[in-house]
Amino acid sequence: QVQLVESGGRLVQAGDSLRLSCTASGRTFDSYAMGWFRQPPGKEREFVSAISWNTGRTYYADSVKGRRFTISRDNAKTTVYLQLNGLQPEDTAVYFCAAATLADYALTETYEYDFWGQGTQVTVSS
């Protein structure tokens, strides 16, 4: 089992920055990758970013490919971070951390992940 604990979400103003954290425990050595997804109110969950736990290769959704968001990891603490810069109201969502332990072929898809955190709310006011 892999347990994921997220933190960092809060209410901010447009243009502000946040750093979300997700700490993994359990059999983390089995994880191919960890990723971040978000679900805006009333919308479907969507891919944001992912990082290979083994190689450090990163992946980003088109909406954040300019590195407005940055994913990173701390293997010693088994923690993955998502740095959110230049936040806008459309970034308001519940942000979920996820771990993929079986494969890493489709890290932009929710079905690739078999463990999920509880989600942390990011609210951006205009």
Side-chain angles (χ1 to χ4, degrees):
Q1 294 283 337
V2 176
Q3 295 81 44
L4 306 175
V5 180
E6 305 169 18
S7 63
R10 64 181 179 91
L11 173 66
V12 300
Q13 294 181 314
D16 285 353
S17 298
L18 282 175
R19 188 179 72 167
L20 306 182
S21 299
C22 175
T23 299
S25 61
R27 298 194 294 182
T28 57
F29 59 87
D30 287 331
S31 296
Y32 278 95
M34 296 183 68
W36 288 95
F37 291 75
R38 68 183 181 185
Q39 186 166 12
K43 298 182 179 180
E44 297 295 317
R45 189 175 301 184
E46 64 180 9
F47 171 75
V48 176
S49 185
I51 184 168
S52 170
W53 203 247
N54 300 315
T55 69
R57 184 177 179 181
T58 58
Y59 307 81
Y60 292 94
D62 290 341
S63 61
V64 298
K65 275 189 174 179
R67 295 299 193 267
R68 184 168 67 92
F69 294 177
T70 303
I71 192 170
S72 61
R73 66 175 181 175
D74 182 339
N75 286 338
K77 297 183 178 181
T78 62
T79 301
V80 64
Y81 306 94
L82 185 67
Q83 180 69 38
L84 312 176
N85 296 324
L87 286 165
Q88 299 298 314
E90 57 264 33
D91 296 316
T92 294
V94 178
Y95 284 71
F96 296 91
C97 176
T101 65
L102 299 178
D104 63 350
Y105 300 128
L107 295 180
T108 64
E109 304 292 339
T110 59
Y111 63 74
E112 195 72 292
Y113 300 85
D114 47 348
F115 296 96
W116 293 82
Q118 81 286 353
T120 185
Q121 177 71 48
V122 174
T123 303
V124 186
S125 66
S126 60

Main-chain N/O of [Y] paired with [X] side-chain donor or acceptor, under 3.5 Å:
X   : Y    : answer
S21 : S7   : no
T92 : V124 : yes
S49 : A61  : no
R73 : S52  : yes
E6  : G119 : yes

Hey, are the side chains of C97 and M34 touching, using non-hydrogen atoms and a 4.5 Å cut-off?
->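 In contact.
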Going by heavy atoms in the side chains, are I71 and Y59 under 4.5 Å from each other?
->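 Not touching, per the 4.5 Å side-chain cut-off.
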Quick one: pull up [atom1] in [X] and [atom2] in [Y] and give me the separation to the nearest 0.5 Å.
X    : Y    : atom1 : atom2 : result
T23  : L4   : OG1   : CG    : 9.0 Å
T101 : F115 : OG1   : CZ    : 5.0 Å
D114 : L102 : CG    : CG    : 4.5 Å
F47  : T110 : CZ    : OG1   : 11.5 Å
L82  : T120 : CG    : OG1   : 11.0 Å
L20  : W36  : CG    : CH2   : 4.5 Å

For [X] against [Y], the heavy-atom pair lying closest together:
X    : Y    : result
E112 : L107 : CG-CD2, 4.0 Å
A14  : P89  : CB-CD, 4.3 Å
N85  : S17  : OD1-OG, 3.0 Å
F69  : V48  : CD1-CG1, 3.7 Å
E46  : P40  : OE2-CG, 4.5 Å
R38  : A93  : CB-CB, 3.8 Å

Is the count of non-hydrogen atoms from other residues, nucleotides or ligands lying under 6.0 Å from E44 atom CD greater than 12?
->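 No, CD of E44 has 12 or fewer neighbouring heavy atoms, counting only those of other groups under 6.0 Å.
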Going by an N to O cut-off under 4.0 Å, is there a salt bridge joining D91 and R68?
->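 Salt bridge flag = yes for R68 with D91.
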Verify the cluster assignment for F96 and L87: are they in a single hydrophobic cluster under the rule of side-chain heavy atoms below 4.5 Å apart?
->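 No, it is not one cluster - the side chains of F96 and L87 are not joined through contacts under 4.5 Å.
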Less than 6.0 Å separating the ring centroids of Y113 and F37?
->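 Yes - the distance between ring centres of Y113 and F37 falls below the 6.0 Å cut-off.
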